[in-house]
**Q** 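Right, I'll just put the structure down here and ask away after.
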Amino acid sequence: MGMQLRDMNPLHWLFNPRSIAVVGASDKPASIGARTLDNLLVHSRFDGDVYLVSTTKSELFGRTCWPSVRELPATPDVAMVVVPASAAIDVLEQCAERGVKFAVVLTSGFSEAGEEGARLEAQMKAIAQRSGMRIYGPNCPGLCNVNARLGMTFSPSFPHDLTPGPIGIATQGGGLGRNIMQAMERGIGVAMWSSSGNEVDLQVADFIDYMADDPGIKVIVALIEGFKDGRRFVDAVQKASRHGKPVVALKVGRSEYGERAAASHTASITGSAEVNSTVLRQLGVIEVDDIDELVDAAWLLARQMPAGKSDVAVYCGSGGAAALTADIIGQQGVTLARFDPATTRALAAKLPSYAALGNPVDTTTAVMAQPALFDATLLDVCRDPNVALVVVPVAIDYGKSTADSAEALVRVQKDSPVPIVPIWMSDRLGNGFQTYAKGGIVPAKSVGKAVKAIRRWIEHGQWRRRAQQHAAWRPWPSLGEPAPMDVPLRLSEADAKAWLAKAGIPVPRSGLARTRDEAAELAARIGFPVVAKVASADIAHKTDVGGVAIGLRDADAVRAACERIHASVRQHAPNASLQGLLIEQMAAPGGVEVLVGVSRDATFGHLMTFGLGGVYVEVFKDVARRLLPLQRHEAESMVREIRSFSLLDGARGRPKADVAALIDLLMRVSDFVGAHVQQIDEIDLNPVWVGAVGQGVLALDAVVVGREAAA
């Protein structure tokens, strides 16, 4: 037993308490206190002790009420707090004194409500940190352990949303979380739902961590408005991945409007959409665009994890619906399977000559006249060795015949080696729809949503195979920690390149000259042609002030360029502090220019951006991003996933670029940031010259924004 307790997830007694206190219990109709009691005492199957705390009642529903938490006869595992915000702090102090493990604060009126609420929430956080008691909420509807039929919530929907199953749901907001729960009407089964509200202590990440340990959960659904602790989220998702549990996420706040709404709703910190999506994709989280897709993708993953195959089949009795589905499959980048010849022969032997036997399969109305054909021919398609999944569009509700087909599909699924996905296209929800729901084969609501979910399913299988081939990615210890608060330091290009060069990052041969003659002598040693640039930490864009001259082929050209640059800079940036001129080797003609950048995100730490260099990155926005540190296979993927990779790969007769050297550069930049993780805020290598195979790479320009400690 001791071993079991030691290995138990820290949130075990929250979801499986032995005793619960309801602080603010009430019998006032429709009040939060009354609804909470009703869900707990009437609609849950809870065998533990329930203690009621009320300052106005001595008895409720035949149960003794205690005037305060201090006076309870025993210490509960969980205290549900439904008193007003102004009284909540005192209640939480009493809970902490008594040694309550978890306080679930349903009350609103905290940081989402303004300055005074934020002050109360700060006090609440201090209680949790001081005492070790974990706080859930505030400003939340509570939580439900559906598999255990336990509702610690005031929601009036709890008695109606009790279909158990393998999906764990972790959300911040309550309304959309309950919306996901009510997909039970389509046959979804839910193990538990947490809705963490303002997350003063416990966060979505903590519930993902718990669900990763729960043996009753196969797939975790997360609805996220903002990340407060990037490291906790990354660790939780990686744990779920190690346990073989996919995480399907919908991130609210992907537009400017959504960001503002999310912040006002839960007072969360919302990172940029690009950063968030980068992190989710890198961790193998399946990011979706809408609630329907969230449900469809999660249930498909719960039914069956994707294996090695990725091609799909369409089986339908309507030629138009079959063609539409095939068209959307193509638009989504999913591939229709090529049937094994044995499958085609089997279909030809059973279906009429006018049926379409390729993929998609159009059975015509023959299966309506001979229902047994549905079972036999659908199973033939499911057993084809090239098929990963079978899509069955249901265009029309024909009443009994549609219901019969649904019953047949449910039968076939029991013998099928691959999942079958019915798509209910009609607005009429007849008996056939209910047959699918009761059979656990959740019908999708539209062809487009279904195929998007299928694409997510296939892509996750591909991600899992890649992840299994490589060592597990481990974040730096500093991930998610805020940058030091001392003043940022923008290094001059000369200093930045000198620092980078020590780390093995290729930069042009160069030197710093303070006079025209020094510049000419330096250029001769480096070898013509050369480039001359103003060296100043105060000038971010050298070309804007006339601070660059290229293609200097002799000493006289260098001296003349020095005069021009000095005069132009003095005119356009008279207050800039100048180190002199940076004289550099000029890259050979014919290379490709790319960008390699690093930025520090407030939530997730350092990220790398890679794309075309020069001005093109701003025009085309064709970039790839990764959370650091990089693994080599991720660096390779970054280079190859940009749309313009063909420019590096020898497009239109160009020589192939030195991609291997470029990948080495990305890895060295990642390692450089890792070695100076607290000092580096930004790195901008733009452009990086990439020569032909064997010629290597050069960081032609470099900006490093660091901290004083790095100088």
Side-chain angles (χ1 to χ4, degrees), residues 186-187 296 300 311-332 334 336-340 343-384 386-416 418-439 441-451 453-454:
R186 286 202 279 148
D296 291 340
L300 183 52
D311 296 347
V312 305
V314 178
Y315 179 98
C316 189
S318 162
L324 173 65
T325 304
D327 197 26
I328 293 176
I329 284 172
Q331 291 171 15
Q332 286 291 328
V334 178
L336 286 172
R338 185 182 295 274
F339 286 156
D340 187 87
T343 303
T344 306
R345 288 194 298 270
L347 294 173
K350 297 166 187 171
L351 291 171
S353 59
Y354 52 83
L357 306 182
N359 189 11
V361 175
D362 176 11
T363 65
T364 71
T365 57
V367 294
M368 294 177 65
Q370 304 177 63
L373 283 179
F374 190 99
D375 294 64
T377 54
L378 177 57
L379 191 56
D380 286 334
V381 174
C382 291
R383 287 176 170 169
D384 186 284
N386 301 321
V387 170
L389 176 148
V390 180
V391 186
V392 180
V394 181
I396 302 171
D397 181 6
Y398 279 121
K400 185 178 184 305
S401 63
T402 303
D404 290 344
S405 296
E407 290 176 1
L409 188 148
V410 173
R411 286 195 303 271
V412 171
Q413 181 65 83
K414 294 175 182 176
D415 296 322
S416 171
V418 300
I420 308 171
V421 178
I423 305 172
W424 193 272
M425 299 170 64
S426 174
D427 282 339
R428 182 178 298 161
L429 303 182
N431 291 334
F433 185 91
Q434 297 305 322
T435 298
Y436 289 129
K438 291 175 183 176
I441 305 177
V442 176
K445 293 180 178 179
S446 73
V447 177
K449 292 288 178 68
V451 175
I454 290 165

**Q** Return the set of residues passing side chain to side chain contact (heavy atoms under 4.5 Å, CB included) with Ser405 (not counting sequence neighbours), or none when no residue passes.
**A**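 Side chain to side chain contact (heavy atoms under 4.5 Å, CB included) list for Ser405, sorted by chain: Phe374.
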**Q** To check you understand the geometry: which heavy-atom pair defines the closest contact between Pro393 and Val391, and what is its length?
**A**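 What the structure gives for the nearest pair is CD-O, 3.5 Å.
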**Q** Can you name the residues that form a side chain to side chain contact (heavy atoms under 4.5 Å, CB included) with Asp340, not counting sequence neighbours?
**A** Ala342, Thr343, Asp384, Pro385, Asn386
**Q** Sub-3.5 Å donor-acceptor pair from the side chain of Arg186 to the main-chain atoms of Pro443, do we have one?
**A**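 Present.
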**Q** Any heavy-atom pair between the side chains of Lys445 and Met425 that's under 4.5 Å?
**A** no
**Q** Please report the shortest heavy-atom distance between Ala388 and Val418, naming the atom on each side.
**A** O-CB, 3.4 Å
**Q** Looking only at heavy atoms, which two atoms of Asp296 and Ala453 are closest? And how far apart?
**A**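 Closest approach of Asp296 to Ala453, heavy atoms only: CB-CB, 3.6 Å.
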**Q** Over all heavy atoms of both residues, which pair between Val387 and Ala337 is shortest? Give the atoms and the distance, please.
**A**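 Distance-wise, the nearest heavy atoms are CG2-CB, 3.8 Å.
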**Q** Is there side-chain contact between Phe433 and Arg428, with heavy atoms separated by less than 4.5 Å?
**A** no
**Q** To the nearest 0.5 angstrom, please state how far the CD1 atom of Ile328 sits from the NZ atom of Lys449.
**A** 12.0 Å
**Q** Would you say that Leu389 contacts Leu300 through its side chain, given a criterion of any heavy-atom pair below 4.5 Å between the two side chains?
**A** yes
**Q** Can you name the closest pair of heavy atoms from Leu336 and Pro360 and give their distance?
**A** CD1-CD, 4.3 Å
**Q** Restricting to pairs with a member in residues 350-362, which pass side-chain hydrogen bond (donor to acceptor under 3.5 Å, both in side chains), not counting sequence neighbours?
**A**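 Every side-chain hydrogen bond (donor to acceptor under 3.5 Å, both in side chains) pair that includes a residue of residues 350-362, provided the two are not neighbours, is Lys350-Asp380.
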**Q** Going by the salt bridge (charged side-chain N to carboxylate O under 4.0 Å, His left out) test, which pairs reach into residues 405-416, not counting sequence neighbours?
**A** Asp375-Arg411
**Q** Identify the two heavy atoms, one from Asn431 and one from Ala403, that lie closest to each other, and give their separation to 0.1 Å.
**A**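 Answer, listing the atom of Asn431 first, then Ala403: CB-CB, 4.1 Å.
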**Q** If you define the side chain from C-beta out and look only at heavy atoms, does anything of Val390 sit under 4.5 Å from Val421?
**A**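 Counting from C-beta outward, Val390 and Val421 never come under 4.5 Å.
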**Q** With rounding to the nearest 0.5 Å, note down the distance linking CG in Leu409 to OG in Ser416.
**A** 9.0 Å
**Q** Among residues at least two apart in sequence or on other chains, which ones pass side chain to side chain contact (heavy atoms under 4.5 Å, CB included) with Val361?
**A**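 With sequence neighbours excluded, Val361 shows a side chain to side chain contact (heavy atoms under 4.5 Å, CB included) to Tyr315, Phe339, Leu347, Leu351, Thr363, Val381, given in chain and number order.
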**Q** Rounded to the nearest 0.5 Å, how far apart are SG of Cys316 and CG of Leu378?
**A**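 Going from the SG atom of Cys316 to the CG atom of Leu378 covers 11.5 Å.
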**Q** Show me the donor-acceptor pairs, under 3.5 Å and distance only, between side chains in residues 394-402 and residues at least two apart or in other chains.
**A**
from	atom 1	to	atom 2	distance (Å)
Asp397	OD1	Gly399	N	2.9
Asp397	OD2	Gly430	N	3.2
Lys400	NZ	Asp404	OD2	2.8
Thr402	OG1	Tyr398	N	2.6

**Q** For Leu429 and Trp424: C-alpha separation, side-chain torsions, deciding distance, then whether side-chain contact (heavy atoms from CB on, under 4.5 Å) applies.
**A** CA-CA 8 Å; Leu429 303 182; Trp424 193 272; 3.6 Å; yes
**Q** Should Ile423 and Val392 count as side-chain neighbours, where that means a heavy-atom distance under 4.5 Å?
**A** no
